[in-house]
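Single-structure report; data block below.
Bear in mind the structure is a predicted one, so any value in this text is a computation, not a measurement.
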Amino acid sequence: MVVWAAVLTGAALAGLCGCNAPKDNLDVYNRFFQNGDLKQAGRFAERKLKKNIQPTGDNLLWTLQLGVVERMEGRFDQSTAWLDRSEAMMQTLANDNQLLEQLTAAAVNDNVIPYKGTIYDGIMANTYKAANFMQRGDWGLARVEFNRALDRQRRAKEDYAAQIQKRQDAINSNSNLDNARRSTENAALQDRLREAYPSLYSFEPYPDFVNPFATYLAGVFFAATGDYERAWDALRESAGMMPQATYVWQDFDAVEAAINTQAVSLEPTVWVIFENGLGPVKEEFRIDLPLFIATDRMLYW
């Protein structure tokens, strides 16, 4: 049995999601978080929770944030409790489609619509709960949460593949496709985009638009607990998503060698995972597409 001594640490992982919450609130929270003032970040998030902590407004966002803060403060049970609440809210919002449609129809802007979460939020909630259980030494519950995270990853790949295909079919069948392409490929528009987002063109999406961290950490867990077949699958997928990450390949090679030699355990290993960065926040940036190239019947205001 490998000695499990993983250390997960972080400096500025402010939340799990990009959302529709008022940007000013997130800016305040993020400043506390980036400065390492986790107590103030937690208090701020708690103050933003609405009564009874129901799945309304931005309650889901702030319960997710509290789950992260409590985890970084080492209060793993409290972190898991907040993440459990977050999952319950996501389930309620996902099932109550009629309510969401009514709210969306009545909304005049994104800030009116309650944050209902994304499949990414669910994946990371399960992943962090699994990490909480690992650090408590509860391997059974950690395995349950990793299984849930990987199942969400699988459904995410299927869902996004279907969405992408649907959008592609709609684009291909649009009679204005050529006009739209000429507008988006316009040199002036490209210059505006590069000026507003200079690093935009250096990014590439992960294959299948899923988060390799969840898959990788699951692979490490399975390797550490002797489940080499599942570790091999998860680490192979992670390596495919992050071909430049040599440490992932090293873990994969170690697991493959253990399988080939029928080793009872891996060498005692310590995994140190340092997390930094902030969850994305949606901002509006307007660029008027130069549709006047193709038509004089377009008004801008």
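The heavy-atom pair separating Asn132 from Phe76 by the smallest distance is OD1-CD2, 3.4 Å. Nearest heavy-atom pair across Phe133 and Ala142 is CB-N, 3.7 Å. Minimum heavy-atom separation, Ala234 to Gly219: CB-CA, 3.6 Å. Taking all atoms of both residues into account, the shortest heavy-atom contact from Ser86 to Thr63 is OG-OG1, 2.9 Å. Closest approach of Thr127 to Ala214, counting heavy atoms only: OG1-CB, 3.3 Å.
Under the side chain to side chain contact (heavy atoms under 4.5 Å, CB included) rule, Asp251 has a single partner from Thr269, Thr246, Leu235, Leu266, which is Leu235. Of the residues Arg136, Arg71, Lys129, the one that meets the salt bridge (charged side-chain N to carboxylate O under 4.0 Å, His left out) test with Asp77 is Arg136. Under the side chain to side chain contact (heavy atoms under 4.5 Å, CB included) rule, Val69 has a single partner from Trp82, Phe32, Phe33, Phe44, which is Phe33.
Remark: Gln244 CD to Trp249 CH2 distance equals 10.5 Å, nearest 0.5 Å. The NZ atom of Lys157 sits 15.5 Å away from the CZ atom of Arg152 when rounded to the nearest 0.5 Å. Interatomic distance, Leu64 CG to Met124 CE, rounded to the nearest 0.5 Å: 10.5 Å. Between atom CZ of residue Phe222 and atom CZ of residue Phe146 there is a gap of 7.5 Å, rounded to the nearest 0.5 Å. Once rounded to the nearest 0.5 Å, the distance linking CG of Leu83 with CD of Gln78 reads 11.5 Å. To the nearest 0.5 angstrom, Met90 atom CE is 5.5 Å from Glu87 atom CD.
Asn30 places a side-chain N or O within donor-acceptor distance of the main-chain N or O of Leu26, the cut-off being under 3.5 Å. The backbone N or O of Leu61 sits nowhere less than 3.5 Å from a side-chain atom of Asp58 that would complete a donor-acceptor pair. The closest donor-acceptor contact from the side chain of Asn126 to the backbone of Glu145 lies at 3.5 Å or more, if one exists at all. Asn59 places no side-chain N or O within donor-acceptor distance of the main-chain N or O of Leu49, the cut-off being under 3.5 Å. Remark: the backbone N or O of Val68 is not paired with any side-chain donor or acceptor of Ser79 at under 3.5 angstrom. In this structure, the side chain of Asp159 does not engage the main chain of Arg155 through any donor-acceptor pair within 3.5 Å.
A single hydrophobic cluster is seen to contain both Phe213 and Phe221, as judged by linkage of ILVMFWY side chains at heavy-atom distances under 4.5 Å, directly or through other members. The hydrophobic cluster containing Trp232 also contains Trp271, counting ILVMFWY residues as joined when their side-chain heavy atoms lie under 4.5 angstrom apart, directly or transitively. Hydrophobic clustering keeps Leu141 apart from Tyr128 (ILVMFWY residues linked when any side-chain heavy atoms are closer than 4.5 Å, directly or through intermediates).
The closest side-chain donor-acceptor pair between Asn25 and Arg47, if any, does not fall under 3.5 angstrom. Side-chain contact, Thr215 with Ser238: no donor N or O sits under 3.5 Å from an acceptor N or O.
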Query raised in the report: Given Arg230 and Leu150, is the side chain to side chain contact (heavy atoms under 4.5 Å, CB included) satisfied, shown in steps?
Result: CA-CA 11 Å; Arg230 295 202 66 191; Leu150 293 177; 3.8 Å; yes
Requested in this report: Starting from the C-alpha separation in whole Å, work towards a yes-or-no answer on salt bridge (charged side-chain N to carboxylate O under 4.0 Å, His left out) for Asp151 and Arg148.
Outcome: CA-CA 5 Å; Asp151 186 59; Arg148 289 173 175 168; over 6 Å; no
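No more than 12 heavy atoms of other residues, nucleotides or ligands lie within 6.0 Å of NZ in Lys39, so this atom counts as exposed by the packing criterion.
The six-membered or imidazole ring of Trp62 lies near that of Tyr29, with a centre-to-centre distance under 6.0 Å.
Under the 30°/60° scheme for interplanar angles, the aromatic rings of Tyr216 and Tyr247 are found to stand perpendicular.
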